Every structure is written in C-alpha cells, then in structure tokens.
K.L.:
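Take this structure first; my questions come after.
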Amino acid sequence: MPFIIACNTISAELELAMKETGCSFPIRWIDSGLHINPAELRACLQAELDGVTDTDTVLLAFGFCGNALVGLKPPSFRLILPKVDDCITLL
C-alpha cells in the first residue's frame, strides 16, 4: 500500500480529499514550521523516507518549498512528488 508524507499545513484539505475519495493510505505529517529552514526540512524529509518500510511507493504531499526536495533519495521505493512551488500551490 502506498504511503503519504505530507505537510501539516494542508492536513485539513488532504484529510477531506481522502475521505471524499475513500483513500485510506497511511499518512505521516511533517511540522509546517520546518519551512523556515529548507535544509532542515530536507533533512527531516530524508529521515522520514529512510524510516519507511513495507511499501513500494511514497507520495510526497509537498511542493518544492525553497528547494527542500532537491537531493531527496528514496531508499528502495518509488517516490512521487508534485511539480509545484509550495504546499499551498499543491492545493
């Protein structure tokens, strides 16, 4: 089953969309305050990716957010991310 790593900024909207579509993928929420420092956000996201097991796909519900996604490397699964500038644009 795919797994979602998402920005807490869009939690209400993502939860509503999942409810309306019947999606039950597990979600790991990331603190939106990390956007202040893109390098710290990148390190947090990489740590989350490194800790994911038992999936073949991770959906990243983030925008590029100050280039915080540049250089992320999924350990052994497919990583899907939207091509948007930030989390608000993702909505």
Side-chain angles (χ1 to χ4, degrees):
M1 172 181 298
F3 187 88
I4 299 171
I5 298 176
C7 177
N8 197 42
T9 298
I10 61 170
S11 61
E13 294 83 2
L14 184 56
E15 287 175 347
L16 179 60
M18 291 179 70
K19 180 180 177 184
E20 289 182 355
T21 61
C23 179
S24 61
F25 298 162
I27 303 175
R28 188 164 301 148
W29 298 106
I30 303 298
D31 179 22
S32 59
L34 292 171
H35 285 82
I36 294 169
N37 184 333
E40 189 176 333
L41 177 56
R42 181 182 310 109
C44 177
L45 290 170
Q46 187 62 61
E48 291 293 334
L49 292 173
D50 291 344
V52 172
T53 59
D54 299 327
T55 190
D56 61 350
T57 304
V58 169
L59 305 165
L60 200 59
F62 271 87
F64 283 97
C65 304
N67 289 324
L69 306 187
V70 174
L72 290 179
K73 299 199 184 325
S76 61
F77 46 78
R78 181 173 55 148
L79 179 62
I80 298 173
L81 54 127
K83 292 183 179 181
V84 295
D85 294 333
D86 57 38
C87 299
I88 302 304
T89 306
L90 179 60
L91 295 177

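Nothing fancy with the numbering, it's 1 onward along the sequence. All figures in this text were calculated on a predicted structure; none of them were measured in a lab.
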K.L.:
When the side chains of residues 68-79 are checked against the rest of the protein, which donor-acceptor pairs come out under 3.5 Å, sequence neighbours left out?
P.N.:
| from | atom 1 | to | atom 2 | distance (Å) |
| --- | --- | --- | --- | --- |
| R78 | NH2 | T57 | OG1 | 3.2 |

K.L.:
Considering the options L60, I27, L59, which one meets the side-chain contact (heavy atoms from CB on, under 4.5 Å) requirement together with I5?
P.N.:
L60
K.L.:
Membership question, hydrophobic clusters at under 4.5 Å side-chain separation (ILVMFWY): are L81 and V58 in the same one?
P.N.:
yes
K.L.:
Measuring from atom CG of N37 to atom SG of C44, what distance do you get when rounded to the nearest 0.5 angstrom?
P.N.:
11.5 Å
K.L.:
Hey, could you give me the OG1/NE2 distance between T9 and H35, rounded to the nearest 0.5 Å?
P.N.:
5.5 Å
K.L.:
In Å and rounded to the nearest 0.5 Å, what is the CD to CD distance from E13 to E15?
P.N.:
9.5 Å
K.L.:
To check you understand the geometry: which heavy-atom pair defines the closest contact between F62 and C7, and what is its length?
P.N.:
CE1-N, 3.4 Å
K.L.:
Show me the pairs that pass side-chain hydrogen bond (donor to acceptor under 3.5 Å, both in side chains) and involve residues 17-31, at least two apart or across chains.
P.N.:
R28-E48
K.L.:
I'd like to know if F25 and L49 are part of one continuous hydrophobic network [Ile/Leu/Val/Met/Phe/Trp/Tyr, side-chain heavy atoms within less than 4.5 Å].
P.N.:
no
K.L.:
Say you draw a straight line from CG of L41 to CG of L34; how long is it, rounded to the nearest 0.5 Å?
P.N.:
5.5 Å
K.L.:
Locate the shortest heavy-atom distance separating L14 from A6; write the atom from each residue and the value.
P.N.:
CD2-CB, 3.7 Å
K.L.:
Can you confirm whether more than 12 heavy atoms, excluding those of L16, are under 6.0 Å from its CG atom?
P.N.:
yes
